[in-house]
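The structure presented is a predicted model; accordingly, all values stated were derived computationally and were not measured. What you see below is based on every heavy atom in this structure, not just the backbone, and it leaves out hydrogens, waters and symmetry mates.
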Amino acid sequence: AGVLVAREVNCHSEWSSPCLLCLRGVRPHGHRVIASRIGPAGRRVYAYDEGMIDIVGFPDYKLTTTGEVWSFKGREPRLLKPGSHKGGYRLVYLRRDGKTITRSIHVLMMLTYVGPPPEGMEVRHLDGNPANNTLSNLEYATHGVNQRDQLDHGTNRESRKTHCAQ
């Protein structure tokens with residue numbers, strides 16, 4: 001899933017066939033595309049300039065509403081491959097002032113698109129899937145609500161225990 005085209009172009013200026021958004025009438029012919037990659041099943045996935053926003057505190061990186069993180073540090077933009085940590089939460093490694101900083105994508109999404117959390121709130125995945133970082137799947141909630149969600153979704157470690165330790 002590497003970057004195929006990583007510069008701003010019009011979708012028809014370099015590709016022999018129109019993109020799916022043009023074919024479906026979602027975008028006008030020749031709209032601006034700033035990057036693309038090959039996605040699942042070998043289909044081209046596009047990142048449009050209006051679908052990306054600078055990550056708060058990291059001006060060389062942008063986020064899409066689907067949780068993709070793009071680096072604009074080099075000559076050409078590139079899609080960052082996320083890692084994961086315990087519990088399946090996706091994370092990325094960003095560089096700032098010569099240092100590598102690890103950030104969870106769901107936290108970056110909310111800070112960037114919504115703003116800082118209100119007092120006593122944390123990020124909640126509505127579907128219980130910590131790998132699903134689409135903006136529509138995230139919201140701020142209290143720790144108690146988040147814990148109840150984990151029980152409801154069956155993702156709480158403690159709820160899966162079948163017996164007490166001796």
Side-chain angles (χ1 to χ4, degrees), residues 1-11 13-15 19 21 27 31-147 149-150 153 155-157:
V3 172
L4 290 181
V5 174
R7 60 192 179 284
E8 189 172 304
V9 297
N10 290 330
C11 74
S13 65
E14 298 193 7
W15 303 309
C19 72
L21 293 180
R27 296 261 192 262
H31 55 85
R32 291 185 344 161
V33 179
I34 60 173
S36 72
R37 65 176 175 82
I38 293 296
R43 288 197 158 137
R44 188 183 300 269
V45 178
Y46 301 92
Y48 303 96
D49 55 345
E50 65 269 20
M52 290 184 159
I53 188 169
D54 288 340
I55 296 177
V56 173
F58 298 92
D60 294 327
Y61 299 91
K62 293 183 183 288
L63 269 172
T64 67
T65 57
T66 59
E68 289 182 326
V69 181
W70 289 80
S71 171
F72 287 81
K73 288 184 79 72
R75 292 184 318 170
E76 294 185 348
R78 68 182 180 92
L79 177 65
L80 298 183
K81 182 178 179 182
S84 61
H85 58 81
K86 63 180 179 184
Y89 294 95
R90 302 285 186 224
L91 50 87
V92 288
Y93 304 98
L94 308 174
R95 302 261 319 153
R96 182 175 57 198
D97 300 326
K99 296 180 182 174
T100 300
I101 301 166
T102 304
R103 291 288 184 260
S104 297
I105 294 176
H106 65 286
V107 173
L108 287 175
M109 289 289 291
M110 291 299 285
L111 287 173
T112 300
Y113 283 98
V114 178
E119 183 77 27
M121 300 286 222
E122 57 188 40
V123 181
R124 168 188 182 206
H125 287 85
L126 299 175
D127 68 356
N129 178 0
N132 181 358
N133 292 309
T134 56
L135 187 58
S136 60
N137 186 51
L138 303 173
E139 72 177 19
Y140 285 127
T142 63
H143 183 70
V145 169
N146 217 355
Q147 292 298 306
D149 277 353
Q150 287 181 357
H153 296 298
T155 56
N156 184 297
R157 253 182 349 113

Asn146 (side chain) donor-acceptor with Val123 (main chain) under 3.5 angstrom: yes
Approximate separation, where rounding is to 0.5 Å, of Thr102 OG1 and Tyr93 OH: 5.5 Å
From CD (Glu68) to CZ (Arg90), nearest 0.5 Å: 12.5 Å
Asp127 side-chain N/O to Asn129 backbone N/O, donor-acceptor pair under 3.5 Å: yes
Pairwise distance NZ(Lys62) to CZ(Phe72) - rounded to 0.5 angstrom: 6.0 Å
Closest heavy-atom pair and its distance - Gly115, Tyr140: O-OH, 2.5 Å
Side-chain (Tyr61) to main-chain (Arg95) donor-acceptor, under 3.5 angstrom: yes
Donor-acceptor contact present, side-chain Tyr113 to main-chain Leu63, <3.5 Å: yes
Closest approach of Gly87 to Pro130 (non-hydrogen atoms, all atoms of both residues): O-CG, 2.9 Å
Test item: Met121 and Thr142 side chains (from C-beta on) under 4.5 Å apart, heavy atoms: yes
Least distance between heavy atoms, Ala141 atom then Arg124 atom: CB-CD, 3.6 Å
Heavy-atom pair of closest approach, residues Leu126 and Ser136: CD1-O, 3.6 Å
Minimal non-hydrogen separation, Ile55 against Thr112, with atom names: CA-OG1, 3.6 Å
CG on Leu135 to NE2 on His106, rounded to 0.5 Å: 13.5 Å
Leu94 vs Leu108 side-chain heavy atoms within contact, under 4.5 Å: yes
Those residues that, when tested against Glu122, pass salt bridge (Lys or Arg N to Asp or Glu O under 4.0 Å) (two or more places apart): none
Reported CE-to-OG1 distance for the pair Met109 and Thr64, which is rounded to 0.5 angstrom: 6.5 Å
Gap between atom CD1 of Ile105 and atom CE of Met110 - 0.5 Å precision: 15.0 Å
N/O donor-acceptor pair under 3.5 Å between Asn137 side chain and Asn132 backbone: yes
Donor on one side chain, acceptor on other, His125 and Asn133, under 3.5 Å: yes
Smallest separation among heavy atoms of Ser71 and Leu80, with atom names: CB-CD2, 3.9 Å
